[in-house]
Amino acid sequence: MGLDFIPYFKPEINSEEIDEVVNTLRSGWLTTGPKTKEFEVEFSKFIGNNFEAIAVNSATSGLHLALEALGVKEGDEVITTTHTFTATAEVIRYLGANPIFVDIDPNTLCIDPEKIERVITSKCKVIIPVHFAGISADINKINDIAKKHNLKVLEDAAHAFPTTYNGEKIGSLNTDITVFSFYANKTMTTGEGGMVVTKNKSLADRIKIMRSHGINRDAFDRYSSSKPKWFYEVVAPGFKYNMTDIAASLGLIQLKKIYKMQKRREEIACEYFAELKDLPIKLPSKPEKGDMHSWHLFVIQLKNAKLSRDDLINLLFKNGIGCSVHYIPLHMHPYWRDKYNLSQKNFPNSQKAYENSLSLPIYPMMTDRDTKKIICELKKLL
Ligand SMILES: *Cc1c(COP(=O)(O)O)cnc(C)c1O
């Protein structure tokens, strides 16, 4: 790859992040400790209304902890979308439960609420909507269905920081638990990491215990106490899902600049909307007026183009532009397809979106020149 190759993604890490990480390295406390606590406090303030924020080492662990706390057990069913990353569904299998996959709305590419009700059985416990690309799923409709059938709602908000729905931040909506991802290519990063957010105190308590071996107090509480407090009790066979203070140091700085980073992504999105509108492509759905889209992804879909999606990606790559595809739907992956006998006929919207879509670069480190080059190449090729 040449020097002027525009990668699909590059995280924005500056001297502030580097200094904060170095401070932590010099502090003598590397794992879950004061920085993680501070990050949780700041994140909780960001969400507002005294929601609890529990830092974990990935969104995948967060989703696993959330389902465990919600009481999902072997043989239960959990409804989610086929148009997502495998993590959303694999955590259901960790608990021996079975995912029930639902097709997407062709415009937002989020789970189609109209299709949820017909798959609900007496074994269903939870619905996991994914806020695809950073636009909110239709949470009011999903909540209505959940209430009617006594189901819990767990938001996979890996793409949705900071996104709003009806003017409210994702994380502060009237659902049971929300999980954010700080994986390297998400809208903010801790390298690897995630945050579980809930207003339910007993769910939060369970998640805190299970994140750390099922131990009823964390190591920093024990070591930082003024009296010797070596005693702890294991109350469940928990997991090892805690966030390190090294990761939390990155998170503290990234959180401070999240709106600045979102604004830059939005600028790039606006430019794509303005410049690509006459090409044979379907542009992504915009959020409702007044709502914020995190613009984690900018997914375009080819529509009567003279090129195939694969050819377009290859030609863009040859011309120095990296793109990606979100997602290869779960019904196409051997494990999910074979285990649950899934057929693409049952997920026509997801299948069509998959066949025609590609994700363009969109991140704060992109320069105006990068955006112009991408637009120019797309115009030439299409
Ligand atoms: C990235 C992602 C996850 C997993 O996040 P990790 O922090 O990498 O575990 C889950 N769901 C979706 C939709 C994602 O994009």
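We count residues from 1, following the sequence as given. Bear in mind the structure is a predicted one, so any value in this text is a computation, not a measurement. One-based numbering, in listed order, for ligands and for the atoms of each. Side chains are part of it too, since the values below use all heavy atoms of this structure and drop only hydrogens, waters and symmetry mates.
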- prompt: What atoms of ligand 1 come within less than 4.0 Å of a heavy atom belonging to S181?
  reply: 5 (O), 6 (P), 7 (O)
message: Here's one to test your reading of the geometry: is the NZ or CZ of K286 within 45 degrees of the ring axis of F273 and under 6.0 Å from its centre?
response: yes
- prompt: Are any of the N/O atoms in Y183 less than 3.5 Å from those in ligand 1?
  reply: no
- prompt: Salt bridge between K257 and E12, side-chain N to carboxylate O under 4.0 Å?
  reply: yes
message: So for ligand 1, is D156 a polar contact partner (N or O within less than 3.5 Å, distance only)?
response: yes
task: Can you sort out which atoms of ligand 1 are near G193, meaning under 4.0 Å from one of its heavy atoms?
output: 7 (O)
task: Run the numbers for me: atoms of ligand 1, each under 4.0 Å from some heavy atom of K186, listed by number.
output: 1 (C), 2 (C), 3 (C), 5 (O), 14 (C), 15 (O)
- prompt: So, does F180 sit close enough to ligand 1 that a heavy atom of it is under 4.0 Å from the ligand?
  reply: no
task: Would you mind running through ligand 1 and noting each atom that sits below 4.0 Å from a heavy atom of T60?
output: 4 (C), 6 (P), 9 (O)
message: Closer than 4.0 Å to some heavy atom of A59 - which atoms of ligand 1 meet that?
response: 4 (C), 5 (O), 6 (P), 7 (O), 9 (O)
- prompt: Any N or O of F85 that comes nearer than 3.5 Å to an N or O of ligand 1?
  reply: no
field: Carboxylate-amine/guanidinium contact E68 R206, below 4.0 Å
entry: yes
- prompt: So is R93 actually on top of Y335's ring, under 6.0 Å and inside 45° of the axis?
  reply: no
- prompt: Under a 4.0 Å N-O cut-off, is there an ion pair linking K372 with E275?
  reply: no
query: Should F180 and F43 be marked as a ring-ring contact (aromatic ring centres under 6.0 Å, His included) after you check the CA-CA gap, both sets of side-chain angles, and the distance that decides it?
result: CA-CA 11 Å; F180 297 97; F43 203 89; 5.4 Å; yes
query: Starting from atom 15 (O) of ligand 1, which protein heavy atom do you reach first, and at what distance in Å?
result: H159 NE2, 2.7 Å
- line: Short version for A158: what comes under 4.0 Å of ligand 1, heavy atoms counted, is side chain
Cation-pi geometry met for K169 and F46 (6.0 Å, 45°): yes
message: Within the 4.0 Å heavy-atom shell around T84, which atoms of ligand 1 are there?
response: 13 (C)
- prompt: Parallel under 30°, tilted from 30 to 60°, perpendicular over 60°: which one fits the rings of H83 and F132?
  reply: tilted
